Protein chains: 2
Amino acid sequence: MTTRWLTPEEQRAWRAYIAAASLVEDALDRQLQQEAGMPHLYYSILATLSEAPERRLRMTDLAERLKITRSRLTYGVTRLEKDGLVRREDCRWDRRGSVAALTDEGYRVLERAAPGHVETVRSLLFDRLNPEQVRQLEEIFTAIGAGFQGEGPHATAEDVPWRRRSGKPCP
Amino acid sequence: MTTRWLTPEEQRAWRAYIAAASLVEDALDRQLQQEAGMPHLYYSILATLSEAPERRLRMTDLAERLKITRSRLTYGVTRLEKDGLVRREDCRWDRRGSVAALTDEGYRVLERAAPGHVETVRSLLFDRLNPEQVRQLEEIFTAIGAGFQGEGPHATAEDVPWRRRSGKPCP
DNA sequence: CGATCTTGGTTCAAGTTTGAAACAAACCTA
DNA sequence: TAGGTTTGTTTCAAACTTGAACCAAGATCG
């Protein structure tokens, strides 16, 4: 079938999106690099851990939540571990597994960085949108994200946080 | 002043956005890497050149349109030049300058890659949005992008495509 | 059991990005 | 017009990302 090119409206939307999205990511990275010495993704690793029960998550779970490859995560956690912000523990119920745990130091760094980060997100995004648009933004990207069921860099999933992944009951 | 944290609605929107945006970029990169042997940014370099008058653009202009640093662009153009898809010419009106020109080969590669790329963009984004949402998407990201006046990695600008940048008239 | 398949995670090399520093040409000013 | 500043671009080292390959340790099944 002959290509369904983008309509003019779609083109405009696409271009506006691509341009702004890249600017936003760059700005976020710069801000966090400045104030916390790490790129946005690494901040997100800390943030995600901080919300997990016991501030711990299995590597694969963490990778899935962040929508990144395990390989990328390994690299990031290794770096954060060197900085003392995260600690690797082995999973007691699956000897293959390892668990990333946020250290107290990591939690403190996160606490210190959070206000500046939120302020940036606000000034870049939400200060420029009305409440109606915020709702639209959510709907639009929820719809887009829904297109990736079982897609992305990932295959399997499980919802029990850091205890185990497959069929073995934990003590 | 005490931090203005995100409201629950803002949080939801932010998370949906961050997650989906990263999935989209990754998918785009993978698709283009597969079918054209280059990441999304490099495809965009070709695409941007193809739309410029004479399929040529000064490095700085190109960097500005793509919203990337000059350094990043240098690297990309060097790679594309090795592949024979772009050629560097010197600017006749400013001996400092260099101009990136799309080669015929580059144009052909672009033509071949375009349908698959558009198809991907469509299936990821526009197939999941109604026309109303497409309009909202444009408005939202235009608003966000507008927050970066003179920001981003760039300082100066000029609108004459590739002829010259500052005060000297061209022959 | 023991062979085999799958899953969790890391490693490695190649490619890309970053930000600062280096250069060179153009511009400005006294 | 010499000297200093700005602008256009590249270079360099360090950090990050990618995908494929690899190594264990579970799970499966005859």
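In the text below, chain A, chain B and the rest are named by the order of the sequence lines, each starting its count at 1. Bear in mind the structure is a predicted one, so any value in this text is a computation, not a measurement.
Nearest to the side-chain atoms of B/Tyr75 among the listed nucleotides D/dT9, C/dT17, C/dT10 stands C/dT17. Ranking C/dT17, D/dT9, C/dA26 by closeness to the B/Arg96 side chain, first place goes to C/dA26. Looking at the side chain of A/Ser98, the nearest of the listed nucleotides D/dT17, C/dG9, D/dT11 is C/dG9. The listed nucleotides are D/dT9, D/dT10, D/dT17; the one nearest the side chain of A/Leu41 is D/dT17.
For the pair A/Leu80 CG and C/dT10 C1', the interatomic distance rounds to 16 Å; values are reported in whole Å. Distance, B/Leu62 CG to D/dT10 P: 11 Å, rounded to whole Å. Spacing between atom CG of B/Asp90 and atom P of D/dT7 amounts to 22 Å, rounded to whole angstrom units. Atom pair B/Ile68:CD1 and C/dT18:C1' shows a separation of 12 Å (rounding to whole Å applied). At whole-Å resolution of the value, CZ in B/Arg92 and P in D/dG8 are 19 Å apart. Rounding to whole angstrom units, NE2 of residue A/His40 and P of D/dA15 are separated by 21 Å. As rounded to whole Å, 20 Å separates atom P of D/dT17 from atom CG of B/Leu32. Protein atom CG of A/Leu73 is 12 Å distant from nucleotide atom P of D/dT18, rounded to whole Å.
Taking the six-membered ring for Trp and the full ring otherwise, the centers of A/Tyr42 and A/Tyr75 sit at least 6.0 Å from each other.
Judged by closest nucleotide on DNA chain C, A/Thr78 is the one of A/Asp26 and A/Thr78 placed further toward the 5' end. Projected onto DNA chain D by closest heavy-atom contact, A/Arg79 and B/Gln33 fall at different nucleotides, the more 5' of which corresponds to A/Arg79. Nearest-nucleotide positions on DNA chain C place B/Met38 closer to the 5' end than the other of A/Gln34 and B/Met38.
Residue A/Arg95 qualifies as open at atom CZ: its count of foreign heavy atoms under 6.0 Å is 12 or below.
One finds no side-chain N or O of B/Arg70 lying less than 4.0 angstrom from the OP1 or OP2 phosphate oxygen of D/dT10. Taking 4.0 angstrom as the limit, A/Arg88 places none of its side-chain polar atoms (N or O) nearer than this to OP1 or OP2 of C/dG9. In this structure, A/Tyr42 reaches the D/dT17 phosphate: one of its side-chain N or O atoms is under 4.0 Å from OP1 or OP2. For C/dT11, neither phosphate oxygen OP1 nor OP2 lies less than 4.0 angstrom from any side-chain nitrogen or oxygen of A/Thr74. Of the side-chain N and O atoms in B/Arg95, none sit less than 4.0 angstrom from OP1 or OP2 of C/dA24. Taking side-chain N and O atoms only, B/Arg72 has no distance below 4.0 Å to OP1 or OP2 of C/dT16.
Only one option out of B/Leu62, B/Thr103, B/Leu49, B/Thr78 pairs with B/Val86 in a side-chain contact (heavy atoms from CB on, under 4.5 Å); it is B/Leu49.
No hydrogens or angles considered: nothing links the side chains of A/Gln34 and A/Arg30 as a donor-acceptor pair under 3.5 Å.
A heavy-atom distance below 4.5 Å is not found between the side chains of A/Phe141 and B/Ile18.
Using a 4.0 Å heavy-atom distance criterion, B/Ser71 is classed as a base contact.
A salt bridge is defined here as a Lys NZ or Arg NE, NH1 or NH2 lying under 4.0 Å from an Asp or Glu carboxylate O, and B/Asp127 with A/Arg4 meets this definition.
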